[in-house]
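Down below is the structure, laid out as structure tokens.
Quick note: numbers below take in every heavy atom, side chains included, and nothing from hydrogens, waters or symmetry partners.
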Amino acid sequence: MDGETDLKTRVIPSACMGIDFELLQKIKGVIECPNPDKDIMRFDANLRLFPPFIDNDICPLTIDNTILQSCYLRNTEWACGVAVYTGNETKLGMSRGIPEPKLTAVDAMIDKLTGAIFIFQIVVVTVLGVAGNVWKDTEARKQWYVLYPKEGPWYELLIIPLRFELLCSIMIPISIKVTLDLVKSLYAKFIDWDLEMLDQETGVPSHAANTAISEDLGQVEYILTDKTGTLTENKMVFKKCCVGRTFYGSESGDALKDTALLDAVASGSSDIIRFLTVMAICNTAIPTKSKKGDIVYKSQSQDEEALVQAAARLRMVLVNKSANTLEINCNGSLIQYELLHVLEFTSDRKRMSVVVRDYQNGKIILLSKGADEAIFPCANTGQYIRTFTEAVEHYAQLGLRTLCLAWRELKEDEYREWSLMFKEASSTLVDREWRIAEVCQLIERDLEILGVTAIEDRLQNGVPETIETLRKAGINFWMLTGDKQGTAIQIALSCNFISPEPKGQLLLIDGKTVDEIRRILERVLLTMRITTAEPKDVAFVIDGWALEIALKHCKKEFTELAILSRTAICCRVTPSQKAQLVQLLKSCDYRTLAIGDGGNDVRMIQQADIGVGISGREGLQAARAADYSIGKFRFLTRLILVHGRYSYNRTAFLSQYSFYKSLIICFIQIFFSFVSGISGTSLFNSVSLMAYNVFYTSVPVLVSVLNKDLSETTVMQHPQILYYCQAGRVLNPSTFAGWFGRSLFHAIVVFIISINACAGEKSETEQVAMVALSGCIWLQAFVVALETNSFTIVQHLAIWGNLLAFYVINLIVSAIPSSGMHTIMFRLCKQPSYWITMFLIVVAGMGPIVAIKYFRFTYTPSKINLLQQAERLGGPILSLGNIEPQLRSNEKEITPLCIAHTKSRTPVYEPLLSDSPNSTRRSIGQGSPFEFFQTQGRLSSNYSRNCKSN
């Protein structure tokens, strides 16, 4: 139900253990549970069984005792239970809901243009309505054939304005939303059908779950990405470890092949045995046997699976795990433990512990593992842990994921007292998670640190190339990860996320208080402003604690920093903080794309303008919650540059063309009113108007979804042309004004030539209307042909076949005596003057348009025009140069922070990034690998004055 494919452990409530199967039907009791909710990660309830089973004792129930609707049972022959929630009150039923619709930038622009056209329509209707009433009162009543009565009804003044309202009602194309929804569905199918985005390794295709936001892919400005499983393969391999004061695993080797470690295991070293025991027991892994008889481990975490497999290879094999018993095989001897309690991992605690009893000696032992910042503060005050801190830092510099393992023996009285407190906290129905965390803190203290593990998670293929290509396209990257700072930095360096010195510059934001964070932010902002004029890749690094303070107390400064920086690395962040960062960038009017692969990325994915999920080893929760799902990170390049860019260009043309074809027919109606006494009389009959919108002009524009201004190869080779889409240069008020002027010009051409062509003979109004309608159809066929860059057979059939179908349909209608158009088309087609009129309309209407287009293409070509010319001539474009993006209003209005002039020196951070993991570094904080230089305080105040003067 939660989208995860890994196995979850579900256990019997302790109150039900030992009950015979036949006695289940006789059980009587009460389940105290909260009201139905949609939180699938927790279930806080209590079970009370009545005598003769248990005398009204309380047994806490958690999510570990709960099977959610739509789950599958595996490794379980049968299960008996009680249905707590049913129907729409299940967690699955409560989770159902209508997702918040996402409005694309194109949709927002179309809404603004529609509002502008509506205002224009009201003005036109008002002016022509007043003019019509004035002409009627002054001139029409003098004409004997008009037959206006001397006195009319009270609503007579409204008749002519209402007529013009009906004539101008087609000025706003009602069908534009339906048309856009149809073509957007095709865009989504193009993504589903793209074989180049098929993951050959897993067979996972790309999929578009949201069909309404394809064009937003072409306007992405910020990509916020998870690290593990997104940039990396999420295939964890145990590489190195540090036990006691000994490091195992050479620089290029594997700890599992280290002879020193193997000898220590064989000799039964107490430190090694305890270290491996924690690796084998302190986890949620489930041992199962394959068909060949081998033990296979399934776990919710890839890290845990790697640790328990490494322990098994080092002769500490987890053989069996039941509800309350653990069996391990250590060097051939079977050791049994009673599982007393499991203190589960949470994002706040950042550690996991188990309490077990050794059946051999009866000792109660607490085994813990977790992040270094969660384990080291709980260490025994007398223990020397500097070796372990150095090991963590060293492994992090190598880009490895680290975990610290700890151990503590508990006294019987201490455990008994703590167990009662834990049971009480586990039984509360209010704030159970907080109460349990508080009780866990009481026992997770005075730990003996046993060692540090280092797990390798390799980069996915094509990640560095993907990031480099999208950076050329003007897209900024933020990495949001729960890993350590050093690990995140090394991964960022290896995947081109940031550049090493001297090309790159990394700024650290690390502090524990509000004042400290504010001072560091001011200094970092000063450095960012200084380096904006230099060709340097500047990035900042911030951890979860500092980020929490910055978002809460220094939001203005942090927002300015977000605008100035192209790259950010946020470490040790929670899922809620990921969503907050997405919302921060959206509040700055940036188009954001969030990509992740795990359940902790769902909030970020749903918050972003575009959510992309990777169908990986973490399961399908992120992929199901996302707008788009892909198999690998490298497919993001094609998703944005090809599908996103094509979708934006096609939607921009289609929406503006829809307004154009409605405006041209509406302008002809308005011009006709000046020769019909401004009476609001329609030149075209209702059948012709309906056919105009439904048949004559819809088919050619629908095939515009096949148009490609540039080939896919050219787009991938020159990603910088995405700037045109990001800046909205294809659809904006300026381009729309061009289409508006084109419709007005074409309406004038069609009306004048049609009226003059039919003025020399006794022509019927229907005949003038048919000539004008024919001129519109001819013009629009050439307009679509002129705007089409890549012709296919389908497009030729749609454009010219539609023109032929226009005559076929009207010839058939003209053959019907009761149609009101009887014989009109037959008579027109027989007259050479009709075809000459069509020729003149096309030449007069398209001549200036073609001339302007030729002038722009020849004398003021854009980068896209240069690429189009190169494609037609078959020559390569070696360099397009830089395409400068337009500054946003929030970037122009940034006011520099003034740092007070002091006599003391102001530190400005400058990194010392080295490709060598063994390089010596001086630090300015707790283990932070950064140097800083000092400069006179005069620099900051002078710089602020210069910024103000500029």
Side-chain angles (χ1 to χ4, degrees), residues 232 235-283 285 297 299 301-318 328-333 335 351-352 367-372 374-376 379-380 383-408 447-458 483-484 486-487 490-491 916-919 927:
T232 61
K235 294 180 180 179
M236 308 299 178
V237 180
F238 184 85
K239 298 296 290 185
K240 303 176 186 299
C241 64
C242 172
V243 184
R245 297 188 179 184
T246 307
F247 288 77
Y248 297 100
S250 60
E251 292 297 329
S252 59
D254 190 344
L256 299 178
K257 300 178 182 179
D258 193 327
T259 55
L261 180 59
L262 297 177
D263 293 341
V265 173
S267 63
S269 170
S270 60
D271 290 342
I272 296 295
I273 296 300
R274 289 191 299 167
F275 182 80
L276 295 178
T277 301
V278 178
M279 288 177 57
I281 292 179
C282 189
N283 52 64
Y297 299 102
S299 176
S301 169
Q302 303 298 327
D303 296 83
E304 288 187 343
E305 192 172 328
L307 290 178
V308 72
Q309 287 176 351
R313 292 183 59 182
L314 294 172
R315 303 179 187 178
M316 186 69 68
V317 184
L318 177 62
I328 59 176
N329 188 330
C330 178
N331 284 329
S333 60
I335 303 176
R351 60 179 176 264
M352 174 194 176
L367 312 177
S368 298
K369 77 171 190 300
D372 57 297
I375 296 294
F376 287 162
N380 191 337
Q383 185 177 9
Y384 183 80
I385 63 172
R386 181 174 178 179
T387 302
F388 300 123
T389 58
E390 292 176 351
V392 169
E393 182 65 26
H394 173 65
Y395 293 149
Q397 291 177 10
L398 297 177
L400 302 177
R401 297 164 61 89
T402 59
L403 282 175
C404 298
L405 309 186
W407 164 299
R408 179 189 171 209
L447 300 177
E448 179 184 354
I449 310 298
L450 300 178
V452 179
T453 64
I455 298 175
E456 182 184 42
D457 187 12
R458 296 187 181 92
D483 264 350
K484 281 184 59 63
T487 304
Q490 290 301 320
I491 293 295
S916 174
N918 298 322
S919 58

Task: Residue list, salt bridge (charged side-chain N to carboxylate O under 4.0 Å, His left out) with Asp271, at least two apart or on another chain - done: Arg274

Closest contact, heavy atoms only, [X] versus [Y]:
{"X": "Lys240", "Y": "Gly249", "value": "NZ-O, 3.7 Å"}
{"X": "Ala406", "Y": "Ile375", "value": "CB-CG2, 4.1 Å"}
{"X": "Gly244", "Y": "Phe388", "value": "O-CE2, 3.1 Å"}
{"X": "Leu318", "Y": "Ala280", "value": "CD2-O, 3.6 Å"}
{"X": "Ala306", "Y": "Phe238", "value": "O-CB, 4.3 Å"}
{"X": "Ala310", "Y": "Met279", "value": "CB-CE, 3.9 Å"}

- [ ] May I have the step-by-step check of salt bridge (Lys or Arg N to Asp or Glu O under 4.0 Å) for Lys369 and Glu304, ending in yes or no?
- [x] CA-CA 10 Å; Lys369 77 171 190 300; Glu304 288 187 343; 3.1 Å; yes

Could you state the interatomic distance from [atom1] ([X]) to [atom2] ([Y]), rounded to the nearest 0.5 Å?
{"X": "Met236", "Y": "Ile455", "atom1": "CE", "atom2": "CD1", "value": "7.0 Å"}
{"X": "Cys241", "Y": "Leu261", "atom1": "SG", "atom2": "CG", "value": "5.0 Å"}
{"X": "Met316", "Y": "Thr277", "atom1": "CE", "atom2": "OG1", "value": "3.5 Å"}
{"X": "Ile449", "Y": "Leu405", "atom1": "CD1", "atom2": "CG", "value": "9.0 Å"}
{"X": "Leu262", "Y": "Leu314", "atom1": "CG", "atom2": "CG", "value": "6.5 Å"}
{"X": "Leu256", "Y": "Gln309", "atom1": "CG", "atom2": "CD", "value": "10.5 Å"}

Taking the side chain as every heavy atom from C-beta outward, state whether [X] and [Y] have any pair of such atoms under 4.5 Å apart.
{"X": "Ser368", "Y": "Trp407", "value": "no"}
{"X": "Ile272", "Y": "Tyr248", "value": "yes"}
{"X": "Leu403", "Y": "Val452", "value": "no"}
{"X": "Arg245", "Y": "Thr387", "value": "yes"}
{"X": "Val317", "Y": "Ile328", "value": "no"}

Task: Set of side-chain contact (heavy atoms from CB on, under 4.5 Å) partners for Ala266, sequence neighbours left out - done: Arg315

Open item on the list: I'd like to check the side-chain contact (heavy atoms from CB on, under 4.5 Å) partners of Thr389; sequence neighbours left out, ordered by chain and number.
Closed with: Phe376, Arg386

Open item on the list: Between Asp258 and Asp254 (side chain of the first, backbone of the second, donor and acceptor by atom type, cut-off under 3.5 Å), is there such a pair?
Closed with: no

Task: Salt-bridge present (Arg401, Asp303; N to O < 4.0 Å) - done: yes

Open item on the list: Can you tell me which residue among Val278, Asp372, Thr453 is in a side chain to side chain contact (heavy atoms under 4.5 Å, CB included) with Cys404?
Closed with: Asp372

